[in-house]
Undergrad: 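First, the structure itself, so that you have it in front of you.
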Protein chains: 2
Amino acid sequence: MTLLRRPPPAVRATSLQVPKGKATSFDIAHLTGVSQSTVSRALRDSPLVSEETRQRIKAAADQLNYKVDKNASNLRSQHSGTLALLLFEDPTADDSHINPFFLSMLGSITRACALRGYDLLMSFQQLSYDWHADYADTKKADGIILLGYGDYLAYRDKLQKLAAQGMRSVRWGAVLPDQPDLSIGCDNFQGGQAIAAHLLDQGCKRVAFLGDASSHYPEFFERYHGYTAALEQAGIVADPALQVDAAESTEQAGYNALETLLVRKVPFDAVFAASDLIAIGAMRALADHGIKVPEQVAVAGFDDIPMARFLNPPLTTVLQDTKLAGETLVDTLLQLIRNEPVETRLLPVRLVVRRSSQFGSRQA
Amino acid sequence: MTLLRRPPPAVRATSLQVPKGKATSFDIAHLTGVSQSTVSRALRDSPLVSEETRQRIKAAADQLNYKVDKNASNLRSQHSGTLALLLFEDPTADDSHINPFFLSMLGSITRACALRGYDLLMSFQQLSYDWHADYADTKKADGIILLGYGDYLAYRDKLQKLAAQGMRSVRWGAVLPDQPDLSIGCDNFQGGQAIAAHLLDQGCKRVAFLGDASSHYPEFFERYHGYTAALEQAGIVADPALQVDAAESTEQAGYNALETLLVRKVPFDAVFAASDLIAIGAMRALADHGIKVPEQVAVAGFDDIPMARFLNPPLTTVLQDTKLAGETLVDTLLQLIRNEPVETRLLPVRLVVRRSSQFGSRQA
DNA sequence: CTGAAAGCGCTTACAG
DNA sequence: CTGAAAGCGCTTACAG
């Protein structure tokens with residue numbers, strides 16, 4: 001049985017049969033003897049509807065298994081109740097695993113959206129693709145969250161365009177003085193400083209840094225600045241020979257970076273990797289060269305991805321609170337959408353000391 | 001400047017100013033001097049439009065930064081170009097980490113959707129919630145993917161309801177003879193058998209099984225059946241005292257299960273955990289009791305989550321190909337949506353032998 | 001508190 | 001190949 005859209009003959013109206021096809025608000029209206037407008041109001045809990053009418057309407061809606069058509073209501077009301085999450089990937093192998101740190105962020109963002117009654121549209125994007133329009137202009141989402149490392153200078157233009165178009169967006173990443181958009185990020189400087197200070201405390205004298213140290217990768221750059229600041233505090237001048245680029249946050253990049261370091265034949269007794277994945281690769285390279293961690297070289301990473309504590313030895317790192325980060329991103333974006341004042345925020349980090357950086361430590 | 005919806009005065013029509021507000025297909029029509037229908041056709045690459053007209057229309061669309069309003073087009077065409085992914089969680093602590101295996105699946109599903117031009121709506125659901133209607137009936141998605149362990153018998157009813165409503169859905173999980181829906185899953189029986197056979201090959205005589213072994217958790221149950229089949233082949237009758245329930249796939253459940261096993265004081269020389277997370281918990285419990293892996297007890301898991309190879313010792317497990325799984329789920333669902341014939345599929349698994357199960361192995 | 005009406009921005013028969 | 005028209009299912013002024 002297919003319900004008619006407009007007032008059906010009395011026979012139909014009195015039939016209490018539950019229709020097979022999709023029910024509309026008109027069907028509820030006929031069933032309850034009110035207008036379609038009233039049905040719409042009642043289901044949206046408008047105070048304009050009497051309690052008694054609302055009850056009857058909701059009962060009928062339940063009975064007919066009625067759900068508001070989101071496409072129609074979005075079209076009419078001009079907002080979607082949906083946020084889009086764009087995860088950028090470097091244009092590498094498409095079967096590579098996603099950085100576990102982003103996976104954690106993703107989980108926390110999804111949860112935060114659900115708790116606030118928003119749907120989340122997920123998408124992977126090539127950095128090169130014309131994503132700046134695809135979610136906002138099509139009205140698929142009310143706002144977008146930008147997640148992912150990548151060459152900042154290369155996509156700064158797109159951020160600018162986004163902002164110019166009045167698009168609501170929040171970026172996870174470095175908080176920069178000249179940024180065209182709104183961003184939420186961890187205190188990378190503080191984290192880098194904490195790690196380097198800790199390594200120096202352990203008695204390390206020559207701490208290498210594995211990770212890009214340029215404004216192309218601002219988060220890594222801030223960690224690097226924290227590192228040099230800690231060295232400076234200890235009266236040490238950073239040796240450029242101890243810094244090796246690793247722009248991508250992958251195990252392979254870490255492995256390669258450490259090999260590069262070894263080829264240089266400069267002495268080092270500690271490695272601060274700009275991310276845990278880089279640290280994992282570096283540890284593998286060290287093992288391949290028969291260098292013992294932490295006895296000969298201390299190692300530390302950044303992120304505290306779930307596997308960090310399971311490594312052998314467990315990895316000293318900096319915890320980024322992904323739960324707080326996800327919630328902050330979502331809340332900030334929602335404020336933006338509601339035209340409330342918002343601000344760029346720097347989230348606190350926490351040093352997590354494990355065996356990989358502790359000289360003379362016994363099996364934990 | 002706000003563009004009029006209906007034919008504007010000539011002055012406006014000839015003005016080439018790019019409007020600030022959202023452009024509509026009518027704006028493109030005015031700009032190019034064709035009807036709005038033709039604009040719609042051209043942008044959808046209908047063969048009914050001449051090449052020359054199409055070019056002009058597309059150029060104008062680019063110029064005005066025009067994008068089709070998805071809500072309007074979805075409403076009219078009655079499909080959304082979106083799939084929904086529902087991830088079920090046991091009603092545990094809300095800040096618990098998501099099982100890394102599901103996170104991998106999620107990544108692969110997202111990628112598969114993107115490659116096929118579909119958007120992905122992500123959502124966490126409590127098993128108890130009334131999710132069976134929320135995505136289909138609201139027209140937010142053309143179909144849904146169900147992911148997550150949980151008590152199968154408890155939500156069988158909902159699957160039935162879903163199917164009865166004609167909802168398009170595919171479930172990741174066990175392939176059962178009496179299931180009301182369509183599912184894609186790995187060959188859990190085969191995987192369980194391979195693990196158990198491998199442990200016996202290594203010389204183990206008393207292999208414990210950590211995981212629920214009932215039809216409440218069909219995937220675990222199938223792994224258990226594979227395990228008993230392998231024992232049987234070796235002429236061993238499974239000892240019920242060696243099976244400990246662990247319904248949840250968490251480290252804590254694994255830790256508890258192993259403690260339970262120890263309390264029973266039955267001898268065992270190997271542990272087959274129904275998932276890697278359970279195995280990790282079991283290994284921690286073994287370590288806490290001073291029992292050496294693999295020298296005194298061999299350990300194996302299931303899933304091959306990313307951290308499995310980094311454990312100490314690295315964990316023997318069964319690889320579930322999440323990339324293939326995600327693609328198969330998405331492709332099957334799309335076939336369903338296109339009313340093409342589909343079938344439940346069993347995906348192959350692969351035994352991955354690492355140090356945790358190898359007696360007398362040296363540091364790898 | 002309720003109803004009649006307009007209209008969100010498209011897609012798609014229908015007619016030419 | 002193109003256009004005029006209907007209509008997808010809602011929300012929301014407007015009027016009472």
Undergrad: Below 4.0 angstrom from OP1 or OP2 of D:dC10, is there any side-chain N or O of A:Ser40?
TA: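 The answer is no; no side-chain N or O of A:Ser40 sits under 4.0 Å from OP1 or OP2.
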Undergrad: State whether B:Asp331 and B:Arg116 are salt-bridged, where the test is any N-O pair (Lys NZ or Arg NE/NH1/NH2 against Asp/Glu carboxylate O) under 4.0 Å.
TA: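 Yes.
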Undergrad: For the pair made of CD in B:Gln36 and P in D:dG3, what is the distance, rounded to whole Å?
TA: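 Whole-Å distance recorded here is 11 Å.
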Undergrad: Looking at A:Arg168 and A:Asp142, is there a salt bridge between them, counting it only when a charged N and a carboxylate O are closer than 4.0 Å?
TA: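 Result for this pair is no, no salt bridge flagged.
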Undergrad: May I have the distance from B:Leu48 (atom CG) to C:dT11 (atom P), rounded to whole angstrom?
TA: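 Taking CG of B:Leu48 and P of C:dT11, I get 14 Å after rounding.
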Undergrad: Is any side-chain nitrogen or oxygen of A:Ser50 closer than 4.0 Å to OP1 or OP2 of C:dC1?
TA: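 Result: no.
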Undergrad: For DNA chain D, which residues in residues 69-82 of chain B have a heavy atom at a distance below 4.0 Å?
TA: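 Listed by number, they are B:Leu75, B:Arg76, B:Gln78.
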Undergrad: Where each residue is assigned the nucleotide of DNA chain C containing its nearest heavy atom, which of A:Val49 and B:Tyr66 is assigned the position nearer the 5′ end?
TA: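 This one resolves to A:Val49.
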Undergrad: In the structure shown, which nucleotide is the Watson-Crick or G-U wobble counterpart of C:dA13, with both distances under 3.5 Å?
TA: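 Looking at the geometry, C:dA13 pairs with no nucleotide.
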Undergrad: Could you list all N or O pairs between the protein and nucleotides 13-16 of chain D that sit under 3.5 Å apart?
TA:
{"residue": "D:dA13", "atom": "N6", "partner": "A:Arg41", "partner atom": "NH2", "Å": "2.8"}

Undergrad: Return the value, rounded to whole Å, for the distance between atom CD1 of B:Ile28 and atom P of C:dC10.
TA: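 Going from B:Ile28 (CD1) to C:dC10 (P), I get 9 Å.
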Undergrad: Just N and O in the side chain of A:Thr38: are any of them under 4.0 Å from OP1 or OP2 of C:dG3?
TA: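 Yes, within the criterion.
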Undergrad: Atom CG of A:Asp27 and atom P of D:dG9: how far apart are they, to the nearest Å?
TA: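 So the CG-P distance, A:Asp27 to D:dG9, works out to 9 Å.
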Undergrad: Please report, rounded to the nearest Å, how far the C1' atom of C:dC1 is from the CD atom of A:Gln55.
TA: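 A:Gln55 atom CD is separated from C:dC1 atom C1' by 16 Å.
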Undergrad: Quickly work out the B:Leu64 CG to C:dG9 P distance and round it to whole Å.
TA: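 Value for this atom pair: 14 Å.
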Undergrad: Do the non-hydrogen side-chain atoms of A:Arg171 and A:Gln179 ever get within less than 4.5 Å of each other?
TA: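 A:Arg171 vs A:Gln179: side chains touch.
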Undergrad: Round to the nearest Å and state the distance from A:Glu51 atom CD to C:dT2 atom P.
TA: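 It works out to 11 Å between those atoms.
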Undergrad: Quick test of your reading of the model: are B:Lys58 and B:Asp45 salt-bridged, counting only N-O distances below 4.0 Å?
TA: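 Yes.
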Undergrad: Within the structure, does a side-chain N or O atom of B:Thr53 lie under 4.0 Å from either OP1 or OP2 of D:dC1?
TA: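 No, because none of the side-chain N or O atoms of B:Thr53 sits under 4.0 Å from OP1 or OP2 of D:dC1.
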